[in-house]
Amino acid sequence: MELEFVPVDYDYFDFEGRNYVRMIGRDGDGRKICVVDSYDANFYLVLREGYGADAVIDKINDIEVSKGGRTSKVLKTEVMDKHFLGEKVVGIRVWISNHKDAHEMISLMGDMEGVDFRREWDIPLVTKYIKEKGVEPLVWCNVETGDHDVLRTVEGLDVADVYFAESIAPMKNGEKFVPKILAYDIETTGREIGEGEILMISYCSGNERGVISWKGIDDAPEYVEIVEDEAAMIERFCEIVRENDADILTGYFSDGFDLPYLKARADYYKVVLDLGVNGRGPSFARGRIPSGKVAGLVHVDLYRFVDAVFSQYLQSETLSLNEVAGELVGARKEDFDFARLANMNESDWRDFFSYSLQDAVVTHKLAMKLWPDVNEFCHIVKEPVFDVTRDRMATHVENHILHNLDRFDEIAERRPGHGETNERKMKRRFEGAFVFEPTPGFYEDIVMFDFTSMHSSLIVTYNICGQALRPSAGDDRYTSPEFELDGHDTRVYFDKKVGFFTTLLSEIVDKRKEAKLAYAQARGVGVSGCRGVGSSSSTNDLCNSKNREPVISKAELNMFKARSNAYKLLANATFGYQGFYGARYYSREAAAATLAYVRKLIHDTMDRISGAGFKIIYGDTDSIAFLSDGKSREEIIGFLKEINEEFPGIIELDLEGFFDRGIFVAKRDSKVGAKKKYALISIDGKIKIRGFETVRRDWCGLSRKLQDRVLRMILTEGDEKGALKLVRDVVDKLKSRDVEMEDLMIKTKMKREVDDYVTAGPHVAAARKMIEGGVRVGVGTFVEYFVGEGSGKRVGDRVFLAGERVKYDVEYYLGRQVLPAVEGIFDVFNIDINAEVKGERQEKLF
DNA sequence: AGCCACTCGATTTT
DNA sequence: ACGAAAATCGAGTGGCT
């Protein structure tokens with residue numbers, strides 16, 4: 001029979017000495033089903049030039065590996081014309097009976113005469129399956145089902161039906177798959193996994209929501225279900241999860257907390273944490289934070305996705321659910337003071353239930369918000385949801401490459417070995433980008449240009465990749481600018497013939513442009529009817545031309561935005577990927593050369609702009625700021641167009657903006673202009689603050705807020721005298737001890753374990769205090785402290801945690817926080833803020 | 001004890 | 001374990017006077 005199927009989750013297993021891929025997903029009727037497909041593990045032996053395949057094949061056919069009660073052998077071989085790093089090679093594709101033995105098999109085929117090298121044995125089986133069969137995650141396909149003994153192994157699964165795929169192929173115009181998402185959250189008495197009890201579990205999948213608890217009160221809200229005890233609560237939760245029949249189970253930091261905690265408590269009570277379809281508990285993969293996997297229900301830890309993919313684009317200072325959800329979905333968690341736990345009355349419990357439910361609701365909202373992004377990443381890098389939500393950018397870049405190699409008949413490069421990564425890590429750093437040293441001052445009428453995806457467009461334009469690297473110059477080669485590598489000046493050369501690496505990157509850049517345009521146009525349509533849709537190309541045809549009504553749904557709009565964003569992130573990460581020690585396609589020369597091109601381009605462009613009579617005031621990597629010098633905006637834009645025509649390849653300079661005023665300050669204790677530290681106000685009144693203490697989380701709120709207000713007053717009103725008054729007010733408040741403790745807290749993130757610090761700064765002292773108080777502090781923990789009065793010489797001796805009844809140190813906050821934050825700004829106006837404040841002190845004395 | 005040069009460590013910018 | 005380097009700046013450290 002035939003059926004429609006969308007795969008969501010993948011894994012593989014052995015049956016009678018062979019590998020099978022097991023997929024869980026939905027059929028056309030929305031039933032959760034399991035589809036099993038046969039897939040044999042395989043790899044390539046690449047032949048040495050001049051050697052034939054027959055002798056090699058004869059030899060490997062005899063190789064067997066017996067291990068763990070199974071015997072792996074060669075099933076089949078095929079001689080194929082392939083490419084490796086763009087060069088033609090002859091490969092023997094070898095199919096074997098078990099992927100788990102691939103590594104062992106390959107080592108037995110090591111020093112074989114005629115075999116140059118071996119590849120693709122280190123690619124996960126599921127990745128190879130998706131790549132080769134085109135059965136992509138979240139893409140509908142047609143399955144021709146059939147009988148097979150292997151179905152015995154999946155008969156017990158808690159799904160609507162199980163099928164064996166006789167054949168399987170993606171559908172041409174499948175619908176978009178919308179998953180059912182169930183969010184959950186637990187409240188516990190302990191902070192460590194398994195230490196203490198779970199008091200309640202909350203869940204939310206849209207309208208279906210509730211809290212299960214064994215801490216009964218007489219009139220609990222109707223959404224609370226009270227059960228006998230903790231074990232019963234865990235079992236009831238499993239039951240609810242299974243009945244809910246979601247595709248995705250999601251939590252926030254649930255890999256690191258909720259799921260392992262549940263598992264530990266379930267183990268303690270000897271009940272099965274049976275959340276999935278196989279009647280067994282979750283499994284945890286190795287790693288710094290072990291990934292929790294539930295069979296047939298994709299467990300997604302949203303924190304990990306946000307951390308890996310989104311964090312650098314968020315304003316949030318911590319990645320707490322509260323902050324991230326606040327920023328992304330405008331939803332805040334409820335507050336609950338955990339100190340109340342010690343002594344709870346009925347009303348406290350009601351608050352706690354409500355708080356817990358809200359956590360699950362907010363997590364669900366966040367999951368719905370991020371789904372378009374997860375979905376796009378899945379479609380682009382063609383890896384399952386489970387992996388896409390946990391992989392870092394470098395892995396995304398690599399997976400995107402791996403899944404597209406077949407179009408180039410390319411055999412994949414291998415992953416570097418341990419020794420190799422260590423060797424790469426040991427290598428010296430290479431020179432990075434160029435930053436222009438600004439002259440401190442207050443400027444007016446500023447223009448800023450910046451290059452769009454500068455590194456990526458240079459890589460594409462000059463074919464900068466390891467594959468194209470050549471030892472000498474030539475007509476068919478690009479010659480890089482001169483740069484220093486490992487102590488001597490050098491140039492490198494790249495063949496002009498494009499290969500898969502730069503082709504794929506240029507596709508990413510194109511698709512990003514396409515999605516960005518579609519998004520912009522769709523938004524135009526959505527906001528004020530059908531307009532600005534001039535092109536007739538299919539991606540731009542977003543209007544129903546008959547009735548001129550917008551036909552773009554909000555979901556589609558979000559899709560374009562997510563797609564544009566995913567391609568942008570992928571493009572931006574590609575440069576870093578080439579210089580990343582763990583990369584299959586690592587090329588230190590390419591990474592260093594890219595930076596040499598980056599420096600040359602910014603210098604040449606700066607010369608071009610100043611050559612046209614403009615005064616450059618700043619620039620960093622890919623941006624240039626200069627004074628418009630009375631020229632109109634139209635003239636500037638015309639000038640930009642003119643320069644753009646002179647760039648080679650896909651290099652493009654963009655208008656970042658026009659700014660009415662801007663301030664650049666000097667480095668501390670110096671007259672030299674500080675780099676990466678400036679504030680601008682754009683012509684529409686938007687303020688852009690970069691690098692200042694205002695935007696640094698390791699400064700106290702008092703200094704940050706004051707500096708922000710000072711900068712704003714100076715930029716919007718040009719009123720440094722008014723700003724001076726702001727400082728005086730704060731100084732007075734500080735001295736009269738009128739400042740809220742909250743504004744004096746200094747927050748830092750631990751970058752290593754407490755004992756691993758060579759020099760122990762104040763935050764380490766604070767961390768030690770926290771540990772004394774029973775808090776576990778490790779890498780990633782946020783430490784908050786204030787500096788109080790005391791005799792200690794070091795700041796670290798006067799560090800106190802929130803709630804400690806110690807007077808704050810006025811001198812410290814004045815001299816080390818408040819004044820330093822504004823000193824440089826007033827210097828620009830020749831105002832000595834220290835003298836001003838001291839003067840005030842003198843006046844008071846008199 | 002105080003100054004100075006230096007290193008360490010956290011954070012931000014691109 | 002899972003993109004890159006440039007840059008600022010506070011705090012601590014150890015040698016010197």
Side-chain angles (χ1 to χ4, degrees), chain A residues 286-289 291 304 307-309 312 317 387 390-399 415-416 418 421-422 425 428-437 450-451 453-456 569-586 588 590-592 594-595 598-599 602 618-624 656 665-670 672-678 688-699 703 746-752 756-765 782-783 787 793-799 812 815-817 820-821 823-824:
Chain A
R286 276 192 296 275
R288 196 171 60 84
I289 301 170
S291 308
R304 297 193 62 176
D307 184 29
V309 173
Q312 77 177 113
E317 280 168 22
D387 304 86
R390 287 169 177 82
D391 289 341
R392 315 286 302 198
M393 281 315 297
T395 311
H396 288 316
V397 170
E398 190 154 281
N399 283 329
R415 208 180 263 154
H418 264 97
T421 38
N422 283 337
K425 275 190 216 170
R428 258 207 273 174
R429 286 181 149 215
F430 36 78
E431 192 183 345
F434 166 74
V435 188
F436 185 95
E437 185 190 294
D450 64 2
F451 286 96
S453 296
M454 191 195 215
H455 296 71
S456 292
L569 296 184
L570 217 49
N572 289 347
T574 300
F575 154 69
Y577 172 80
Q578 288 206 94
F580 164 54
Y581 55 80
R584 287 173 195 262
Y585 295 100
Y586 173 81
R588 195 157 171 271
T594 305
L595 288 166
V598 162
R599 291 188 296 270
I602 196 92
Y618 188 62
D620 184 348
T621 311
D622 63 352
S623 68
I624 302 170
E656 154 70 21
V665 298
K667 285 200 268 193
R668 181 95 63 236
D669 302 319
S670 160
V672 176
K675 300 170 178 181
K676 299 184 188 287
K677 226 178 152 179
Y678 61 92
K688 182 169 169 163
I689 299 177
R690 294 289 178 261
F692 275 109
E693 286 76 1
T694 300
V695 299
R696 294 182 64 95
R697 67 172 177 213
D698 58 347
W699 280 67
S703 323
I746 296 164
K747 185 167 58 189
T748 329
K749 189 168 153 178
M750 298 291 286
K751 293 289 205 184
R752 54 191 67 188
D756 293 346
Y757 283 94
V758 178
T759 53
H763 70 296
V764 179
F782 277 97
V783 168
V787 177
K793 181 176 129 82
R794 291 174 307 180
V795 177
D797 299 331
R798 291 175 283 130
V799 156
Y812 175 82
R816 300 287 179 170
Q817 288 277 328
E823 194 178 5

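Everything quoted here is computed from the prediction, not taken from an experiment. Hydrogens, waters and symmetry mates play no part in the numbers below; they use all other heavy atoms, side chains included. Below, chains carry the letters A, B, ... as their sequence lines are ordered, and counting in each starts from 1.
Nucleic acid contact class of Tyr678(A) (heavy atoms, under 4.0 Å, all strands): sugar-phosphate only. Here Gly582(A) lies out of heavy-atom contact (under 4.0 Å) with every strand. Here Ala591(A) lies out of heavy-atom contact (under 4.0 Å) with every strand. Tyr757(A) comes within 4.0 angstrom of the backbone, heavy atoms only, and of no base. At a threshold of 4.0 angstrom between heavy atoms, the contacts of Glu431(A) are confined to the sugar-phosphate backbone, with no base atom among them. Across all strands shown, Val397(A) has no heavy atoms under 4.0 Å from either base or sugar-phosphate atoms. At the heavy-atom level, His763(A) lies under 4.0 Å from the strands shown only through sugar-phosphate atoms. Here Phe580(A) lies in heavy-atom contact (under 4.0 Å) with sugar-phosphate atoms only.
Nucleotides of DNA chain B that come within less than 4.0 Å of any heavy atom of chain A span, from the 5' end to the 3' end, dC8(B) to dT14(B).
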**OP:** Between protein and nucleotides 9-15 of chain C, map the contacts as a letter string: B base, S sugar-phosphate only, - none, heavy atoms under 4.0 Å, written 5' to 3'.
**Re:** SSSSS--

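By the side-chain contact (heavy atoms from CB on, under 4.5 Å) test, Tyr577(A) is found to be paired with Ala394(A), Val397(A), Glu398(A), Ile401(A), Phe501(A), Ala583(A), Arg584(A), Tyr585(A), residues two or more places apart in sequence or in another chain being considered. Partners of Arg690(A) under the side chain to side chain donor-acceptor pair (under 3.5 Å) rule, at least two apart in sequence or in another chain, do not exist in this structure. Scanning for side-chain contact (heavy atoms from CB on, under 4.5 Å) contacts around Arg392(A) gives Asp307(A), Ala308(A), with sequence neighbours left out. For the side-chain contact (heavy atoms from CB on, under 4.5 Å) test, residues two or more places apart in sequence or in another chain that qualify with Ser453(A) are Ser456(A), Asn572(A). The side-chain contact (heavy atoms from CB on, under 4.5 Å) check on Asp387(A) picks up Glu383(A), Pro384(A), Asp391(A), with sequence neighbours excluded. Among residues two or more places apart in sequence or in another chain, the side chain to side chain donor-acceptor pair (under 3.5 Å) test is passed with Thr694(A) by Gln707(A). With sequence neighbours excluded, the residues satisfying side chain to side chain donor-acceptor pair (under 3.5 Å) with Asp620(A) are Lys676(A).
Rounding to whole angstrom units, CD1 of residue Ile602(A) and P of dA6(C) are separated by 15 Å. Nucleotide dA5(C) holds its C1' atom 14 Å from the CE atom of Met454(A), rounded to whole Å. Look at OH on Tyr586(A): it is 12 Å from C1' on dG3(C), rounded to the nearest Å. In this structure, the CG atom of Asp307(A) is 10 Å from the P atom of dG3(C), given to the nearest Å. Per the geometry, CZ belonging to Arg584(A) stands 15 Å off C1' belonging to dA1(C), to the nearest Å. For the pair Asn399(A) CG and dG3(C) P, the interatomic distance rounds to 12 Å; values are reported in whole Å. Between the CD atom of Gln312(A) and the C1' atom of dA4(C) there is a distance of 11 Å, rounded to whole Å. Atom OH in Tyr581(A) sits roughly 7 Å away from atom P in dA4(C) (whole-Å rounding).
Using a cutoff of 4.0 Å between basic side-chain nitrogens and carboxylate oxygens, Glu693(A) and Lys677(A) are scored as salt-bridged.
Contact annotation: Lys676(A) does not reach the phosphate of dA7(C) (side-chain N/O to OP1 or OP2, under 4.0 Å).
When the nucleotides dG3(C), dA1(C), dA7(C) are ranked by their closest atom to the side chain of Phe575(A), dG3(C) comes out on top.
Distance check: Thr421(A) OG1 to Phe580(A) CZ gives 9.0 Å after rounding to the nearest 0.5 Å.
Heavy-atom contacts from other residues, nucleotides or ligands closer than 6.0 Å to CG of Asp756(A) number more than 12.
Spacing between dT11(B) and dA1(C) at atom C1', rounded to whole Å, works out to 22 Å.
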